[in-house]
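The sequence lines fix the lettering, A, B, ..., with proteins before strands; numbering per chain opens at 1.
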Amino acid sequence: MALSLYDTLTREERPFEPRDAGKVAMYVCGPTVQGDAHIGHGRAAVVFDVLRRYLSWTGYEVTAVQNVTDIDDKIILRARREQRDPAVIATRYTRAWNRTMDALGVLPPDVQPLATGHLIEMQDLIQRLIDQDKAYAAGGDVFFRVRTFEGYGKLSRRRIDDMQQGEDIVDADHKEDPLDFAMWKSAKPGEPAWASPWGPGRPGWHIECSAMAAKHLGHGFDIHGGGLDLVFPHHENEIAQHEAAHGDTFARFWVHNGMVQMGTEKMSKSVGNVVPLEQALADWGVGPLRVWYLSAQHRTPLTFDTERLRDATTVHQRFTTFLRSARRAAGEVEPDTEVAAPHIAAFRAAMDADLNAPVAVAALHELVGAGNELLPAAERGEQAAQAAVAALADALIELGDEVLGLHLEEALTDAAGLEQQLAALVESLLEQRAAAREAKDFATADAIRDQLAAAGVTVEDRRDGVRWYVSTASPAGR
RNA sequence: GGCGGGGUGGCCAAGUGGUAAGGCAGAGGACUGCAAAUCCUUUAUCACGGGUUCGAUUCCCGUCCCCGCCUCCA
């Protein structure tokens, strides 16, 4: 069994084979650093993080590159509004992005190239296209001559003649053809500018990815990722620039994630329904949030709403609850890895099928269900059950945390930290409760339990005594 | 208008030419003083109409509806 991926370019799923045996080179379009990340960015980040983690887990050596667009019209606009230098804006939001991605549990890219750090590479690429008459300088701008690239439209499946609708193109003054797009933009007074053979200016958006991906990953790298909304024109233009200039394949697989929706609407600034990623992380916690992100296959739309995040929280808790119980019951017994093997196989089969995360999570549910069944026997000290439960818990951590990044271990560690801090207080309350129960004063006993529950402390009365723990769910998720 | 995705049980969501995973919620049961956690049981003619086929939810055609992209966007 091996991974198959749906490739937007060919519109089909096919076995993934890397350019270089054992290695995967992947490039994912990063942010334009002009504002805070929102939950849509988070979905793309998690989708490609999981792809990357899965590739690593199955044995590939992955090189992940994600660019930062640190010069662009919107950055300039924002800088002007704030009366700061664009570089200040770009640096601020680059740091914020990295911090948020870290909080989301996204592995940092191996290379995080900045557009402003690759002016030479971009200019070389532009010059190459000019030399071949596939681009032209006009009025200090440089445009790509779209009609010279016969493959134009192959990614988005658009016929070039259907595109002529869009007449409302802003700086079309110097264009030969309205479809042509800018690779270099001449600087207006007061704008940041870099020297170039065509006059001072700054790079267009698409050119950076063509130049930086090729520089850091080489030609014909394995996977290019990004949101479905980038297919046209961004990715289409990236392909055109590279392939027209070099005559070879730019990227081998194009993977795109679907959009996050709010209800039936797209999340967008104009509608005013953008949820900042930091907010979602604060409300729900990274684990439940990632469970939600993985609740739909990566190419389909995903709706953000309270009910679904609650569901995701419940799922996350089911996993952490099992882990907590399993470890307690298993003790130090050596895990029986054979018991976990079929669940791991099911998980792999799901992931191999174009990263079918919902089915992979279903495999985790099956694993947990099997484990829960064995729990009573394990708690009785039956060795076989203990060994099985131990193996299932290990597998859940390996698949859930290492591959899906669900932060199960971290959630338990965080809870354990709180448990330690609260222990004296909780124990004292539980003594009072025990006394009340002894006296059949259940009203008092239940009131204490309710108070603890309100503080996130769950109390369970077991045959072998009272057990308590701090919930791994956020207040919003309870 | 062009391109693309989708309509599966109360909700979410997989999937297959031979009558449909998993989760959430609900109901019932076991356990409990009551709970919690867990386990067991339980809920679907897969948008509609044709066609192909021994047989279609799955393939083809048409219809209706929803969504995205076509301008910056993960």
Fill in: Pairwise P distance for A56(B) and G51(B), with rounding to whole Å
11 Å
Worksheet item: Within this structure, what is the CG-to-P distance between Leu375(A) and C40(B), rounded to whole angstrom?
Response: 13 Å
Worksheet item: For the pair made of CH2 in Trp292(A) and C1' in C24(B), what is the distance, rounded to whole Å?
Response: 16 Å
Response to the item:
Residue pair Gly258(A)/Thr321(A) against RNA chain B: nearer the 5' end by closest nucleotide is Thr321(A)
Discussion item. Return the pairing partner of C64(B) with a 3.5 Å limit on both distances, Watson-Crick or G-U wobble; otherwise return none.
Written reply: G7(B)
Practice prompt. For each nucleotide in nucleotides 7-12 of chain B, reading 5' to 3', give B when a protein heavy atom comes within less than 4.0 Å of its base, S when such contact involves only the sugar-phosphate, and - otherwise.
Written response: ----SS
Fill in: Whole-Å distance separating the CD1 atom of Ile160(A) from the P atom of C70(B)
17 Å
Worksheet item: Has the side chain of Asp461(A) got a donor or acceptor that lies under 3.5 Å from a partner of the other kind on the base of C34(B)?
Response: yes
Practice prompt. Mind checking side-chain hydrogen bond (donor to acceptor under 3.5 Å, both in side chains) for Asp450(A) and listing every partner two or more places apart, or none if nothing turns up?
Written response: none
Worksheet entry | Close aromatic pair by centroid cut-off 6.0 Å: Phe181(A) and Phe143(A) | no
Worksheet item: Is A56(B) paired to anything, Watson-Crick or G-U wobble with both distances less than 3.5 Å, and if yes, which nucleotide?
Response: none
Practice prompt. Rounded off to whole Å, could you give me the OH-to-C1' distance for the Tyr469(A) and A36(B) pair?
Written response: 7 Å
Item to complete: State whether Arg467(A) and Asp461(A) are salt-bridged, where the test is any N-O pair (Lys NZ or Arg NE/NH1/NH2 against Asp/Glu carboxylate O) under 4.0 Å.
Response: no
Fill in: B/S/- contact track for nucleotides 26-31 of chain B, protein heavy atom under 4.0 Å
-----S
Item to complete: Classify the nucleic acid contact of Glu460(A) as base, sugar-phosphate or nothing, counting any heavy atom under 4.0 Å across all strands shown.
Response: base
Worksheet item: Now, which nucleotide makes the Watson-Crick or G-U wobble pair with G26(B), with each of the two distances under 3.5 Å?
Response: U42(B)
Item to complete: Apply side-chain hydrogen bond (donor to acceptor under 3.5 Å, both in side chains) to Ser471(A) and list each qualifying residue two or more places apart in sequence or on a separate chain.
Response: Gln317(A)
Item to complete: Report yes if at least one side-chain N or O of His365(A) is closer than 4.0 Å to OP1 or OP2 of G22(B); otherwise report no.
Response: no
Practice prompt. Could you please name the partner base of G1(B), counting Watson-Crick and G-U wobble pairs only when both distances are under 3.5 Å?
Written response: C70(B)
Worksheet item: Rounded to whole angstrom units, what separation is found between the CG atom of Asp73(A) and the P atom of U71(B)?
Response: 16 Å
Item to complete: Measure distances between side-chain N and O atoms of Asp446(A) and base N and O atoms of G33(B), and say whether any donor-acceptor pair falls under 3.5 Å.
Response: yes
Worksheet item: Is there a side-chain polar atom (N or O) of Asn372(A) under 4.0 Å from OP1 or OP2 of C39(B)?
Response: yes
Discussion item. Rounding to an integer number of Å, can you tell me how far His234(A) NE2 sits from C72(B) C1'?
Written reply: 12 Å
Practice prompt. Would you mind reading off the distance between Glu379(A) atom CD and U38(B) atom C1', rounded to a whole angstrom?
Written response: 9 Å
Item to complete: Give a yes or no on whether a donor-acceptor pair under 3.5 Å exists between the nucleobase atoms of G2(B), that is its base, and the side chain of Arg159(A).
Response: no
Fill in: Partner residues of Asp49(A) under the side-chain hydrogen bond (donor to acceptor under 3.5 Å, both in side chains) criterion, sequence neighbours left out
Arg53(A), Arg290(A)
Discussion item. Among residues at least two apart in sequence or on other chains, which ones pass ring-ring contact (aromatic ring centres under 6.0 Å, His included) with His234(A)?
Written reply: Trp205(A), His206(A)
Discussion item. Checking contacts here: which listed nucleotide (G22(B), C72(B), A74(B)) is nearest the side-chain heavy atoms of Met259(A)?
Written reply: A74(B)
Worksheet item: What is the distance, rounded to the nearest whole Å, between atom CG of Leu155(A) and atom C1' of G4(B)?
Response: 12 Å
Worksheet item: Which part of the nucleic acid does Val459(A) contact within heavy-atom distance under 4.0 Å: base, sugar-phosphate only, or nothing?
Response: base
Discussion item. Contact between Arg158(A) and Phe232(A) at the side-chain level, heavy atoms closer than 4.5 Å - yes or no?
Written reply: yes
Worksheet item: For the base of A35(B), is there a side-chain donor-acceptor partner from Arg449(A) under 3.5 Å away?
Response: yes
Worksheet item: Between G2(B), A21(B), A74(B), which nucleotide gets closest to the side-chain atoms of Ala362(A)?
Response: A21(B)
Fill in: For C31(B), the Watson-Crick or wobble partner whose two distances fall under 3.5 Å
none
Worksheet entry | Over 12 non-hydrogen atoms of neighbours within 6.0 angstrom of CD in Glu460(A) | yes
Worksheet item: Any side-chain heavy atom of Thr69(A) sitting closer than 4.5 Å to one from Val33(A)?
Response: no
Worksheet entry | Arg145(A) and Asp177(A): CA distance, side-chain angles, deciding distance, salt bridge (charged side-chain N to carboxylate O under 4.0 Å, His left out) verdict | CA-CA 8 Å; Arg145(A) 206 170 254 137; Asp177(A) 185 318; over 6 Å; no
Worksheet item: What is the nucleic acid contact for Arg78(A), judged by heavy atoms within less than 4.0 Å: base, sugar-phosphate only, or nothing?
Response: nothing
Worksheet entry | Listed nucleotide nearest any side-chain atom of Glu366(A), set C24(B), A74(B), A21(B) | A21(B)
Item to complete: Tell me which nucleotide among C39(B), A14(B), G33(B) gets nearest to the side chain of Thr300(A).
Response: A14(B)
Worksheet entry | Single hit among Glu419(A), Arg324(A), His407(A) for side chain to side chain contact (heavy atoms under 4.5 Å, CB included) with Leu412(A) | Arg324(A)
